[in-house]
Amino acid sequence: MFRIDLSASDIAEARALVASLAERYRTVEDPAFVREATIIAHELPRALRAGLLEFRLTEPHPLCVIGGYPIDDERIGLTPAHWKDCGGEGRPTLAEDLFFYLCASLLGDPIAWSTQQDGRLLHDVFPIKEHQYEQLGSGSEELLTWHIEDAFHPMRTDYVGLMCLRNPDGVNTTYGSLEGIDLPADVVEVLRQERFPIRPDRSHLAENRQNDGDEQLRRLRDRSYEWITGLDANPEPIAVLFGPQENPYLRLDPYFMEVPASDPEAAAALDTIVKAIDANIAGYALKPGEVLFLDNYRGTHGREPFTARFDGTDRWLTRLNIARDLRKSRAHRRSADDRTIY
Ligand SMILES: NC(=[NH2+])NCCC[C@H](N)C(=O)O
Ligand SMILES: O=C(O)CCC(=O)C(=O)O
Ligand SMILES: [Fe+2]
């Protein structure tokens with residue numbers, strides 16, 4: 001993987017920046033911070049900025065890990081029980097949230113989904129008791145099968161950012177890609193065609209809907225949920241591979257894909273790529289303070305199963321979705337600078 005390890009002076013610089021910001025902003029969701037973040041991010045240490053620039057421009061690997069940011073395990077408090085209890089102002093993780101958001105701002109602009117975690121930009125990923133056996137980031141007992149994040153969605157993120165706040169049992173995030181794999185040309189040809197119906201994953205379905213806020217918001221969300229429910233009933237066929245001839249980009253979440261029996265050629269091609277990626281799966285256990293950026297065009301990811309305790313000591317990550325070009329989703333956002341996709 002591509003690593004950026006912060007030096008002692010980088011860490012001191014980053015912490016001083018974050019400390020001064022924590023006096024001005026109470027949450028990374030503050031529209032003033034969201035607006036300024038791109039500028040403020042240029043006050044991060046130069047080596048960090050240079051590393052992220054290289055990762056973004058040269059696509060050296062599907063994963064980039066930034067190591068060295070310190071976390072005071074006591075100060076961040078207990079791992080919450082549900083994301084609905086811990087968003088917005090008053091988070092004990094404000095410093096970590098700010099650092100993470102600034103790093104993300106060097107890759108693009110964070111986006112929010114109206115259909116996920118109450119439309120927040122910063123998501124929490126920890127085990128939730130009712131989701132123990134679900135194919136959700138908040139699951140635990142089941143292997144979270146590898147996927148391209150929000151693969152079903154035409155406006156899916158360019159990068160998934162994960163910041164580790166705690167991971168006491170060293171649970172692995174899994175990752176896979178086509179690196180070093182030579183798929184037969186006829187298989188690639190089929191995978192580049194829109195023959196692979198995909199359903200939305202459960203994290204976007206109305207069953208996980210929470211607060212609605214105002215009336216306009218409610219209507220817009222209704223529209224999003226309607227579209228997603230429709231897609232769940234009537235999945236749209238997508239192409240699994242796209243972009244460059246060599247090293248093509250990926251779009252798949254096999255758990256939510258089923259090729260109709262009427263297209264055995266497509267079924268066989270999907271099977272071939274799934275087996276190839278399966279054979280190439282690796283794992284990495286994030287350490288507290290590490291930030292992971294996954295190139296959501298280049299690599300798939302998932303999570304190994306684990307047994308949660310639900311006593312405030314469980315694994316806790318935060319998550320950001322980052323777009324390189326906000327305009328791709330402009331028709332689904334309320335204004336040019338609004339970050340929420342409906
Ligand atoms: N193969 C899968 N399990 N896909 C769904 C991934 C989980 C989803 N992104 C979430 O936020 O919870
Ligand atoms: O928990 C992890 O390491 C990955 C979680 C994930 O893939 C997700 O939340 O979409
Ligand atoms: Fe994911």
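Every number for a ligand or one of its atoms is a count from 1 in the order of the listing.
Residue-ligand proximity, Gln116 to ligand 1, at heavy-atom distances under 4.0 Å covers atoms 11 (O). The atoms of ligand 1 that sit less than 4.0 Å from any heavy atom of Leu144 are 3 (N). Close contacts of ligand 1 with Asp201, meaning ligand atoms under 4.0 Å from a residue heavy atom, involve 5 (C), 8 (C). Atoms of ligand 1 found under 4.0 Å from any heavy atom of His147 (numbered from 1 in listed order, with element): 1 (N), 2 (C), 4 (N), 6 (C).
The distance criterion of under 3.5 Å between nitrogen or oxygen atoms is not met by Asp150 with respect to ligand 1.
Nearest-heavy-atom check against atom 10 (C) of ligand 1 across Ser203, Pro200, Pro254 picks out Ser203.
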May I have the N/O to N/O pairs between ligand 2 and the protein that fall below 3.5 Å, each with atom names and distance to one decimal?
| unit_1 | atom_1 | unit_2 | atom_2 | d |
| --- | --- | --- | --- | --- |
| ligand 2 | 1 (O) | Arg315 | NH1 | 2.8 |
| ligand 2 | 1 (O) | Arg315 | NH2 | 3.4 |
| ligand 2 | 3 (O) | Thr173 | OG1 | 2.7 |
| ligand 2 | 3 (O) | Arg315 | NH2 | 2.8 |
| ligand 2 | 7 (O) | His147 | NE2 | 3.4 |
| ligand 2 | 7 (O) | His301 | NE2 | 3.0 |
| ligand 2 | 9 (O) | Arg319 | NH1 | 2.5 |
| ligand 2 | 10 (O) | Glu149 | OE1 | 3.1 |
| ligand 2 | 10 (O) | Glu149 | OE2 | 3.1 |
| ligand 2 | 10 (O) | Arg319 | NH1 | 3.0 |

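The shell of residues lying under 4.0 angstrom from ligand 1, judged by heavy atoms, includes Arg319. Not a single heavy atom of Arg202 sits closer than 4.0 Å to an atom of ligand 1.
Leu44 places a side-chain heavy atom less than 4.5 Å from the side chain of Leu17.
When the options Asp186, Leu183, Thr272 are evaluated for a side-chain contact (heavy atoms from CB on, under 4.5 Å) with Leu191, the one that passes is Leu183. Just one residue in the list Arg319, Arg298, Arg251 forms a salt bridge (charged side-chain N to carboxylate O under 4.0 Å, His left out) with Glu149, and that residue is Arg319. Under the side-chain contact (heavy atoms from CB on, under 4.5 Å) rule, Asp253 has a single partner from Asp150, Ile198, Ile148, which is Ile198.
If you look at Val125 next to ligand 1, there are no close heavy atoms at all, none under 4.0 Å. When heavy-atom distances to ligand 1 are checked against a 4.0 Å cut-off, Leu136 comes that close through both its backbone and its side chain. Contacts with ligand 1 closer than 4.0 Å are made by heavy atoms of both the backbone and the side chain of Thr145.
The protein non-hydrogen atom at the shortest distance from atom 3 (N) of ligand 1 is Gln135 OE1, 2.8 Å. With hydrogens left out, the protein atom closest to atom 9 (N) of ligand 1 is Glu149 OE2, 3.0 Å, a heavy atom. Asp253 OD2, 2.8 Å is the protein heavy atom nearest to atom 4 (N) of ligand 1. Of all protein heavy atoms, the one closest to atom 12 (O) of ligand 1 is Gly137 N, 2.7 Å.
The 12-atom threshold is exceeded at CG of Asp85, counting heavy atoms of other residues, nucleotides or ligands nearer than 6.0 Å. Crowding of Lys129 atom NZ: a count of heavy atoms from other residues, nucleotides or ligands under 6.0 Å not exceeding 12. More than 12 heavy atoms of other residues, nucleotides or ligands sit less than 6.0 Å from atom CD of Glu141.
Judged by distance alone, the side chains of Gln116 and Ser203 do bring a donor and an acceptor atom under 3.5 Å apart. When only modelled atom types and interatomic distance are considered, Asp124 and His82 share no side-chain donor-acceptor pair under 3.5 Å.
In plain terms, the two heavy atoms of Met257 and Val240 that are nearest each other are CE-CG2, 3.8 Å. In terms of heavy atoms, Leu102 sits closest to Ala41 at O-CB, 3.5 Å.
Distance check: Arg333 CZ to Met155 CE gives 9.5 Å after rounding to the nearest 0.5 Å.
Between His153 and His204, the ring planes lie tilted relative to each other; the angle falls in the 30° to 60° range. Under the 30°/60° scheme for interplanar angles, the aromatic rings of Tyr69 and Phe99 are found to lie parallel.
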* Candidate pair Ser7 and Asp10, rule side chain to side chain donor-acceptor pair (under 3.5 Å), full reasoning -> CA-CA 5 Å; Ser7 69; Asp10 288 342; 3.2 Å; yes
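Aromatic ring centres of His123 and Trp83 lie farther apart than the 6.0 Å criterion allows. Between Phe242 and Tyr297, a ring centre-to-centre spacing shorter than 6.0 Å is recorded.
Taking distances strictly below 2.8 Å, the protein N/O/S atoms close to the Fe ion (ligand 3) are His147 NE2, Glu149 OE1, His301 NE2.
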